[in-house]
Structures are given as C-alpha cells and as structure tokens.
Amino acid sequence: MPKFFTIEHLTFSFDEESQQPFFENVQCSFRKNAMNFIRGKNGAGKSTLFRILRGNAEAHEALSGFIQFAGKKYDLSSKTQRQRFGQLVRLSPQKFDELLADQFNFMENLQLSRLPRYPGLSSFQATTQVPSILQRFEINYTTPVGMLSGGQRQILAILMALQHASPVLLLDEPTAALDAKNTQMVMAFLQELLHENPELTILIICHDREVVETYANQEYAEITVHENGVRTIENIIVSPSRGQ
C-alpha cells in the first residue's frame with residue numbers, strides 16, 4: 001500500500017519568540033486508503049498536530065515545514081497554502097455527542113450537517129446520500145439519535161463530517177467513550193468506509209494500544225516528548241493486524 005501523505009521537517013512553536021520549539025523537524029508518513037493511528041501521552045501534542053493539519057495556526061505562532069499530499073506540496077509557513085490543505089480535511093471531534101441533536105433522527109442529523117453557515121430555502125432541498133454499508137450496523141434512520149448506541153452515534157458523527165466531501169478524515173479518540181462491542185462496530189464501519197471510498201485517508205488519535213495494534217496497517221505514528229519538552233514523531237512498525 002503506497003505512502004500518500006507525508007509531513008516533512010515540521011517545526012512549530014506557540015510563540016514566534018520561543019527559543020525551544022514544541023514540534024521539531026517532524027518527519028512522518030501515512031498510508032492512502034487506510035486507518036493511520038497516532039499515539040502519545042496526554043499533552044503530547046496530538047490535538048495540536050490535528051489543528052496544524054486543519055490549517056489553523058495562529059498569527060503569533062511559528063510554523064514551518066511541508067506536507068506532501070496526492071502529488072502536491074504545501075508549504076506550512078505560508079498561511080494561504082496551509083489553509084488550502086486544510087480545506088481538504090474534515091474533523092470528527094472527541095466530544096462528538098455535542099454535534100448531535102438528540103431529538104432528531106439519524107437522517108435529520110445528516111441533513112442538518114449539510115447546511116451551509118447561512119442557509120437559504122434551497123439548502124433544504126439537497127438529498128442526503130447514506131452508504132449502503134450502514135445496513136449491517138442495524139441503524140434505524142427514524143429512531144431519535146438519543147436512543148442509538150454509542151457506536152451508532154459515533155458512526156453518525158463520522159458521516160456528518162463527511163457530508164462535505166473530503167479526502168482526509170481526522171478522528172480524535174473515536175472509541176474513547178465506547179465499550180468493546182461498540183468499538184468493534186466503529187472500527188468495522190471505518191474499514192467498510194475505506195473499502196467504498198478508495199480516495200479516503202483516515203488519521204486517528206487513539207490512546208488504546210490494543211485498538212492501535214489490532215487495526216493499524218503495518219505501522220502507526222508515535223509522538224515522543226523528550227526531556228527538553230520538544231516533540232518528535234516516528235513511525236512504529238507493528239505485527240500484522242488482527243483486525244484486518
């Protein structure tokens with residue numbers, strides 16, 4: 001499976017005047033059409049990395065490096081270029097429940113997620129496509145979302161993020177609040193989603209080593225915090241996945 005998405009020489013500081021970077025010369029790569037996992041202790045910088053990938057660096061922050069993606073190179077020191085890459089990215093946050101309207105059903109939540117920031121009457125006329133793979137997850141589209149299981153709700157949040165087409169999906173701890181059965185459901189859904197969407201690449205922040213080693217495809221990215229506080233990232237090779 002070819003590498004598709006590479007971060008090169010990424011260096012980042014929260015303050016331009018800082019003598020010590022937060023990330024320093026980060027080099028890591030991710031696979032196309034795969035679940036790419038990112039591990040690290042609390043405070044290691046996983047969410048900061050996702051913020052950078054979404055193009056959300058602040059004016060007072062220092063950022064340099066490059067992203068190679070789908071044959072194009074984006075200069076992270078350029079606000080225009082990092083925001084251009086950020087437009088290719090969608091995020092399903094850790095607190096995904098905050099995105100859901102419990103009084104509405106599955107389909108109604110999907111339709112709401114398609115609305116622009118300032119909707120007009122024509123915005124409500126668009127049809128919402130539901131992947132056929134959902135049939136195996138026993139989701140009743142007419143049931144209020146508040147009555148669905150945690151795994152089904154997470155699947156809904158992921159689909160809501162993807163209603164605006166994007167080749168890169170970021171998932172922040174998608175199984176942190178789920179039991180084993182619902183975790184397996186979400187992972188199975190992601191595998192099916194990748195099978196039906198060959199251009200999709202998924203990056204997943206995950207603390208659970210067992211989940212990572214079960215579902216990672218050959219390797220995962222590990223954020224290391226060194227004694228001086230600087231963070232680096234390396235690709236860790238794992239044994240063949242038990243979840244594939």
Side-chain angles (χ1 to χ4, degrees), residues 1-7 26-42 44-47 49-50 53-54 69-70 88-97 99 131-139 148-162 166-224 233-244:
M1 189 177 296
K3 293 294 178 66
F4 182 68
F5 180 175
T6 303
I7 297 173
V26 166
Q27 310 250 41
C28 61
S29 56
F30 305 102
R31 295 179 181 273
K32 179 180 180 180
N33 197 231
M35 289 188 283
N36 297 275
F37 289 87
I38 302 171
R39 291 190 71 250
K41 297 179 179 179
N42 288 332
K46 301 182 295 299
S47 296
L49 178 63
F50 269 17
L53 295 179
R54 296 177 68 205
F69 180 79
L88 305 177
V89 175
R90 291 292 180 270
L91 170 71
S92 182
Q94 182 174 358
K95 296 181 179 179
F96 65 90
D97 272 327
L99 302 178
S132 59
I133 57 176
L134 285 182
Q135 295 176 2
R136 63 173 290 194
F137 300 103
E138 301 178 352
I139 297 174
L148 298 178
S149 73
Q152 292 171 331
R153 291 164 64 86
Q154 177 62 276
I155 287 172
L156 171 58
I158 292 169
L159 285 176
M160 289 172 67
L162 290 175
S166 168
V168 181
L169 175 63
L170 308 181
L171 302 179
D172 190 351
E173 295 286 358
T175 62
L178 304 181
D179 60 19
K181 180 180 179 180
N182 280 284
T183 292
Q184 187 176 17
M185 177 193 299
V186 171
M187 291 295 108
F189 168 74
L190 291 175
Q191 289 173 325
E192 293 287 344
L193 189 64
L194 288 166
H195 180 73
E196 290 208 352
N197 297 271
E199 298 306 314
L200 180 63
T201 296
I202 302 177
L203 275 60
I204 305 173
I205 290 174
C206 184
H207 280 97
D208 192 323
R209 180 178 292 275
E210 182 176 356
V211 170
V212 172
E213 294 185 351
T214 298
Y215 295 99
N217 193 313
Q218 302 180 23
E219 63 186 6
Y220 64 90
E222 179 84 33
I223 300 179
T224 299
I233 304 177
E234 61 179 320
N235 290 95
I236 306 296
I237 304 298
V238 298
S239 58
S241 173
R242 299 188 299 274
Q244 302 295 322

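Values below: every heavy atom of this structure, side chains too, minus hydrogens, waters and symmetry copies.
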message: So Val89 and Leu169, do their side chains get closer than 4.5 Å, heavy atoms only?
response: no

query: Do Ile7 and Leu53 come within less than 4.5 Å of each other through their side chains, counting heavy atoms only?
result: yes

message: Among Ile38, Val186, Ile158, which residue satisfies the side-chain contact (heavy atoms from CB on, under 4.5 Å) criterion with Leu171?
response: Ile158

message: Within the structure provided, determine whether Leu190 and Ile204 are in side-chain contact (heavy-atom separation under 4.5 Å).
response: yes

field: Distance, nearest 0.5 Å, that separates CG of Leu134 from CD of Gln152
entry: 10.0 Å

task: Answer yes or no: is there a donor N or O on one side and an acceptor on the other, between the side chain of Asp208 and the main chain of Thr175, under 3.5 Å?
output: no

message: Can a donor-acceptor pair be found, under 3.5 Å and without considering hydrogens, that links the side chain of Asn182 to the backbone of Leu178?
response: no

message: Closer than 4.0 angstrom, basic N to acidic O: yes or no for Glu173 and Lys46?
response: no

- prompt: Side chains of Ile237 and Gln218: closer than 4.5 Å at any heavy-atom pair?
  reply: no

- prompt: Is the backbone N or O of Pro174 less than 3.5 Å from a side-chain atom of Gln154, with the two atoms forming a donor-acceptor pair by type?
  reply: yes

task: Would you confirm whether the ring centroid of Phe30 sits within less than 6.0 angstrom of the ring centroid of Phe5?
output: yes

- prompt: Would you call Arg54 and Leu170 a side-chain contact if the rule is heavy atoms closer than 4.5 Å?
  reply: yes

Sidechain-backbone polar pair: Asn36 side chain, Ile202 backbone, donor-acceptor under 3.5 Å: yes

query: So, do Thr201 and Arg31 sit near enough that their side-chain heavy atoms are less than 4.5 Å apart?
result: no

- prompt: Counting only heavy atoms not in His207, do more than 12 sit closer than 6.0 Å to its NE2 atom?
  reply: yes

- request: Apply the test side chain to side chain contact (heavy atoms under 4.5 Å, CB included) to residues Glu199 and Asn33: give CA-CA distance (whole Å), side-chain angles for both, the deciding distance (0.1 Å), then the verdict.
  value: CA-CA 6 Å; Glu199 298 306 314; Asn33 197 231; over 6 Å; no

- line: Value for CZ (Phe189) from CZ (Phe137), rounded to nearest 0.5 Å, stands at 7.0 Å

Side chain proximity check, Asp172 to Phe96, heavy atoms < 4.5 angstrom: no

query: Would the number of heavy atoms belonging to other residues, nucleotides or ligands and lying under 6.0 Å from CD of Glu222 be above 12?
result: yes

- request: Measure the spacing between CZ of Phe50 and CD1 of Ile205 and express it to the nearest 0.5 Å.
  value: 4.0 Å

message: Taking the side chain as everything from C-beta on, heavy atoms only, tell me whether Lys181 gets closer than 4.5 Å to Ser149.
response: no

